[in-house]
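These notes concern the structure reproduced below.
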There are 2 protein chains.
Amino acid sequence: MRRDVFQAIADPTRREIINLIAFNPLNLNAIADNFEVSRPAISQHIKILIACGLINVKKQGRERYCEASLQQLNEVSIWIEKYRQLWEVKFNRLDDLLDKMKNDTPEQ
Amino acid sequence: MRRDVFQAIADPTRREIINLIAFNPLNLNAIADNFEVSRPAISQHIKILIACGLINVKKQGRERYCEASLQQLNEVSIWIEKYRQLWEVKFNRLDDLLDKMKNDTPEQ
DNA sequence: TATTTGCGTAAGCAAATGCTTACATATATA
DNA sequence: TATATATGTAAGCATTTGCTTACGCAAATA
């Protein structure tokens, strides 16, 4: 069972959950109310988000408040930023442009 | 068949492929040489990366040079940056710290 | 022209994923 | 104390994923 941040945020429902609680913690039922899927489905998503450290849970009586704890997103950010210079260099790459024009045969 | 950038970079092999060709394009066999898995497996990963625009292919004879085209990573970057202020605010959040200390009962 | 090389892709398969329903348990409330 | 509420989790299931082997085809080479 792979459980890293890249995989955690690959699922759109989990991204929505993060977005939902990013700026205000909610308990599990309140989160589930925002989705079509069942409460256990959300509970399982939350479990994954907890496992990779993207959510903290605070027990308050019988409720469990989920709050975002997004430092781990930095791992993804760092991986991406390695390449930023690469895709932002749009000038002084005339060779590339020429290459493209030369090889512009329709791919199958 | 979901095919977005978040899912594309969720797979560690695909991240390695991106890293491998980020700074110098390689043909498919040359890429496959760097992995334990079979050439068709890599071919399928490449297909996914092409589908979501992270790789461009340039035919040269019978070879297909794969070059990274990572602008799409910006979508992920934007999503993450929305939350950066959140996880970087480590000061003036004394209330949080206090909360944590108060509720520091071992979670089962 | 015959063979080798570089690659795509289909078929099959095991494992992972995301969901459901059903149940269990702890805490609040009547 | 009996019931309602908030939640976790197991079992089952369909789909997706990542891989393999087997094959096909086009381009290079002998």
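Lettering follows sequence order; numbering is per chain, from 1.
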**Asked** Hey, is the side chain of B:Lys47 poking within less than 4.0 Å of OP1 or OP2 on C:dG8, counting only N and O atoms?
**Response** no
Side-chain donor-acceptor pairs under 3.5 Å in residues 39-48 of chain B, sequence neighbours left out?
unit_1  : atom_1 : unit_2  : atom_2 : d
B:His45 : ND1    : B:Arg14 : NH1    : 3.1

**Qualifying ring-ring contact (aromatic ring centres under 6.0 Å, His included) pairs with a residue from residues 57-79 of chain A, counting only residues at least two apart or across chains** = A:Phe6-A:Trp79, A:Trp79-A:Tyr83
**Prompt:** Tell me: NZ of B:Lys59 to P of C:dC7, nearest whole Å?
**Reply:** 11 Å
**Message:** Closest approach to the side chain of B:Ser43, judged atom by atom: which nucleotide of D:dC19, C:dG8, C:dG18 is it?
**Reply:** C:dG8
Donor-acceptor contacts under 3.5 Å from residues 22-34 of chain B side chains, at least two apart:
unit_1  : atom_1 : unit_2  : atom_2 : d
B:Asn27 : OD1    : B:Ala30 : N      : 2.9
B:Asn27 : ND2    : B:Glu63 : OE1    : 2.5
B:Asn34 : ND2    : B:Ala30 : O      : 2.8

Could I get a table of every N or O pair under 3.5 Å where one atom is in the protein and the other is in nucleotides 25-30 of chain C?
unit_1 : atom_1 : unit_2  : atom_2 : d
C:dT27 : O2     : A:Arg62 : NH1    : 3.3

**Request:** Can you tell me the distance, in whole Å, between the CD1 atom of B:Ile31 and the P atom of C:dC7?
**Result:** 8 Å
**Separation of atom NE2 in B:His45 from atom C1' in C:dT9, rounded to whole Å** = 15 Å
Would you tabulate the nitrogen or oxygen pairs shorter than 3.5 Å linking the protein to nucleotides 11-15 of chain C?
none

**Asked** Do A:Arg39 and D:dG8 share a donor-acceptor pair, side chain to base, under 3.5 Å?
**Response** yes
**Message:** Can you measure A:Ile17 atom CD1 to C:dC19 atom C1' for me and round it to whole angstrom units?
**Reply:** 13 Å
**Asked** Among residues 22-29 of chain B, which contact DNA chain C at a heavy-atom distance under 4.0 Å?
**Response** B:Asn27, B:Leu28, B:Asn29
**Fill in**
Atom CD1 of A:Ile55 and atom P of D:dG8 are separated, to the nearest Å, by 11 Å
